[in-house]
Amino acid sequence: MIIWNRHRRSVGNASVSLELIDVLSCSMINPMDPVLRAIADIDWVELEHAYGPAVDAPTHLRALIDGDAEACVDAVGYLDAALLHQGSVYSATAPFVAIVAELLARPHTEMKVEDILPWDPGPRPLRVALLDYLEVFAQGCCSGISDEQLYAEAYPPGRTEEDLQRVKANRRAGLLELGPDPANALLVEHVPTPPGLLAAIDDHVFRAAMRARDEIACRAVIPAVIEAVEPLVEDPDVMVRMAALRALIELTAHPAYAEKRVALLRQLDEIAPTISDPTDRATAARISGLNGGRPEQLLADAHPGVRTCAALAPAFAGEQRATDELLAALEHPEVIDRWFDRHLPGQDGWLRHDVIRELVSRVGDFETLLPAAIEAAWSANPSTVHSDCISFLHRAFPDPIGIDSQLSAAQLSFLAVLVEIDDLWQLGQLEHWLDNAGLPGGRDSCRRLVEQ
């Protein structure tokens, strides 16, 4: 039976209820468990997540320790929504993630859990779900800002620490004044924003300093997280091995881990072809490519989507076999977006648009691009005209055009197709581009050029 002690703690002019685990009086757990002691030792009331004070963090960490499947699902959802909301990190993120990493080796994390979020790929081991969020954590705290820049933001010149702490205390009091769910109080119940909170929101230097300090704290726990994840690269479950590699590749983004990262990318290239799920192989291809790798085996994969994702690797930019894969994929652009049921690393919008951008950047000859350009135009709708057509137009018409221009057969063929598709002209994007290119009059001007 779990025993909880309820404590009340005053902060400024407000108070908050905090449930802490009394590890010594619990009869069904090991009171010497270092993870439980770590949870109890952290002053969670002083820490925050996306929705306010992190007073609920111990409950969810305890759920991950107990191993109840339903409670674990809720805890992982909490990690996503509160501690890593939209990829951001908070003051409670570092200690929470450090404890999660300590739990990875525990046997109960091998149990499968149902979908945690609507976009999850299906039932998977709890260990894999946690590793997936450690990958998100690494992306959130390895932002590309150098340590020096981060410290400069965290301790801004011209602001004393006393002043920053005063703003922080007033902000904190304002949050607690709003009750246990500040976001709901402000956005749903429309409670007036307390003055201390409002002043902190308007203080951009303070906000930047606190964000930087949260990221510094997260970077500080990365070595311990790496140490906890590394053994899982040898896990007998290939799904766990892949998740561990993906997390480690992100965790080692800091220049201090450059050599380790190269070795991890090699391991990824070796393991990826053995994975049964095409989406996971495509994910591995994108990670490898985005990090300078050459996913050779995946470029010859049986699945066209995996081959295409491998071909997107910048290291293959000068190789015809990779370009041929991209051209082949764009023979049916509408199919590209049905290959996988989730976004892949580095994907910006629809996958077909990534393929279009990369192909156009590699091929200077528009005649070679024409079949892909035509198929992309037929696949476009009013909201995707820019991504589907404009890059091809730039390649087709690198120089200004006009009503008397002598156009090539490829240029005329492309314009003839554009003229025929009503959807392309609904939002004015093509007219705007053609006007800037020296061909005013839009669709009618294109039609006259084609008819000539």
Side-chain angles (χ1 to χ4, degrees), residues 289 294 299-300 304-305 307-337 339 348-382 384-425 428-452:
R294 292 174 58 87
L299 189 56
R307 294 197 303 273
T308 299
C309 287
L312 288 170
F316 290 138
E319 300 193 22
Q320 188 60 43
R321 57 183 177 144
T323 300
D324 288 343
E325 284 295 340
L326 301 182
L327 286 166
L330 285 169
E331 289 175 6
H332 303 285
E334 73 285 354
V335 174
I336 295 175
D337 299 320
W339 277 336
D348 183 15
W350 294 105
L351 182 57
R352 76 175 189 270
H353 296 154
D354 288 353
V355 177
I356 288 170
R357 280 189 292 270
E358 188 61 30
L359 178 64
V360 172
S361 74
R362 295 183 187 185
V363 179
D365 173 25
F366 184 66
E367 287 189 12
T368 301
L369 293 173
L370 178 61
I374 290 173
E375 293 300 328
W378 283 110
S379 297
N381 62 57
T384 68
V385 170
H386 188 274
S387 297
D388 281 309
C389 300
I390 299 301
S391 57
F392 284 119
L393 278 167
H394 279 295
R395 184 64 76 213
F397 301 99
D399 301 315
I401 55 178
I403 200 66
D404 297 321
S405 296
Q406 297 297 311
L407 303 183
S408 69
Q411 290 173 321
L412 288 169
S413 295
F414 191 34
L415 283 181
V417 170
L418 297 181
V419 166
E420 290 300 315
I421 304 173
D422 292 338
D423 278 356
L424 304 183
W425 303 90
Q429 295 178 70
L430 283 186
E431 286 95 336
H432 179 72
W433 188 91
L434 291 165
D435 186 62
N436 289 338
L439 185 61
R443 193 174 187 178
D444 291 337
S445 294
C446 286
R447 185 174 283 112
R448 284 196 295 271
L449 272 176
V450 170
E451 290 171 352
Q452 286 176 4

Any side-chain heavy-atom pair of Phe397 and Leu434 under 4.5 Å: no
Could you grab the distance from atom CD1 of Ile374 to atom CD of Glu331, nearest 0.5 Å is fine? 12.5 Å
Please evaluate residues Arg443 and Asp422 with respect to the criterion side chain to side chain contact (heavy atoms under 4.5 Å, CB included), reporting the C-alpha separation (whole Å), side-chain torsions for both, the decisive distance (0.1 Å), and the verdict. CA-CA 10 Å; Arg443 193 174 187 178; Asp422 292 338; 2.6 Å; yes
Under 4.0 Å between a side-chain nitrogen and a carboxylate oxygen: does that hold for Arg362 and Glu358? yes
Taking atom OG of Ser408 and atom CD of Glu367, what is their separation to the nearest 0.5 Å? 6.5 Å
Could you walk me through whether Glu325 and Phe316 pass side chain to side chain contact (heavy atoms under 4.5 Å, CB included), step by step? CA-CA 11 Å; Glu325 284 295 340; Phe316 290 138; over 6 Å; no
Of all heavy-atom pairs between Ala329 and Thr308, which one has the smallest distance, and what is that distance? CB-OG1, 3.5 Å
Using a 3.5 Å distance criterion without hydrogens, assess whether the side chain of Thr384 forms a donor-acceptor pair with backbone atoms of Ala380. no
Verify whether the ring centers belonging to Phe414 and Phe366 lie closer than 6.0 Å. yes
Before accepting this row, confirm whether a basic side-chain N of the pair Arg352/Asp388 lies closer than 4.0 Å to the acidic partner's carboxylate O. yes
Nearest-0.5 Å distance that lies between atom CG in Leu299 and atom SG in Cys309: 11.5 Å
Heavy-atom check, side chain of Trp378 versus side chain of Glu334, under 4.5 Å: no
Can Arg307 and Asp324 be counted as an ion pair, charged N to O under 4.0 angstrom? no
Which atom of Leu418 lies closest to which atom of Trp425, heavy atoms considered: O-NE1, 2.7 Å
Is there a side-chain contact between Ile356 and Ser387 in this structure, where contact means two heavy atoms from C-beta onward sitting under 4.5 Å apart? no
Which atom pair, heavy atoms only, marks the closest approach of Ala376 to Phe392? CB-CE1, 3.7 Å
What distance separates Cys389 SG from Leu424 CG, expressed to the nearest 0.5 Å? 5.0 Å
Between the side chain of Asn381 and the main-chain N/O of Asp423, is any donor-acceptor distance below 3.5 Å? no
Heavy-atom pair with the smallest gap, counting every atom of Ala410 and Leu370: O-CD1, 3.7 Å
Should Arg294 and Glu319 be marked as a side chain to side chain contact (heavy atoms under 4.5 Å, CB included) after you check the CA-CA gap, both sets of side-chain angles, and the distance that decides it? CA-CA 11 Å; Arg294 292 174 58 87; Glu319 300 193 22; 2.6 Å; yes
Quick one: do Arg447 and Glu420 make a salt bridge, cutoff under 4.0 Å? no
Under 3.5 Å donor-acceptor, Glu451 side chain and Arg448 backbone: no
Of Val363, Thr368, Leu369, Asp365, the one forming a side chain to side chain contact (heavy atoms under 4.5 Å, CB included) with Arg395 is Leu369
Leu412 CG to Leu407 CG distance, which is reported to the nearest 0.5 Å: 5.0 Å
Smallest separation among heavy atoms of Val385 and Gln429, with atom names: CB-NE2, 4.0 Å
Using 0.5 Å steps for rounding, measure from the CG atom of Leu430 to the CG atom of Leu415. 10.0 Å
Can you tell me how the ring of Trp433 sits relative to the ring of His394, calling it parallel under 30°, perpendicular over 60° and tilted otherwise? perpendicular
If you take all heavy atoms of Leu359 and Leu330, which pair is closest and at what distance? CD2-CD1, 3.5 Å
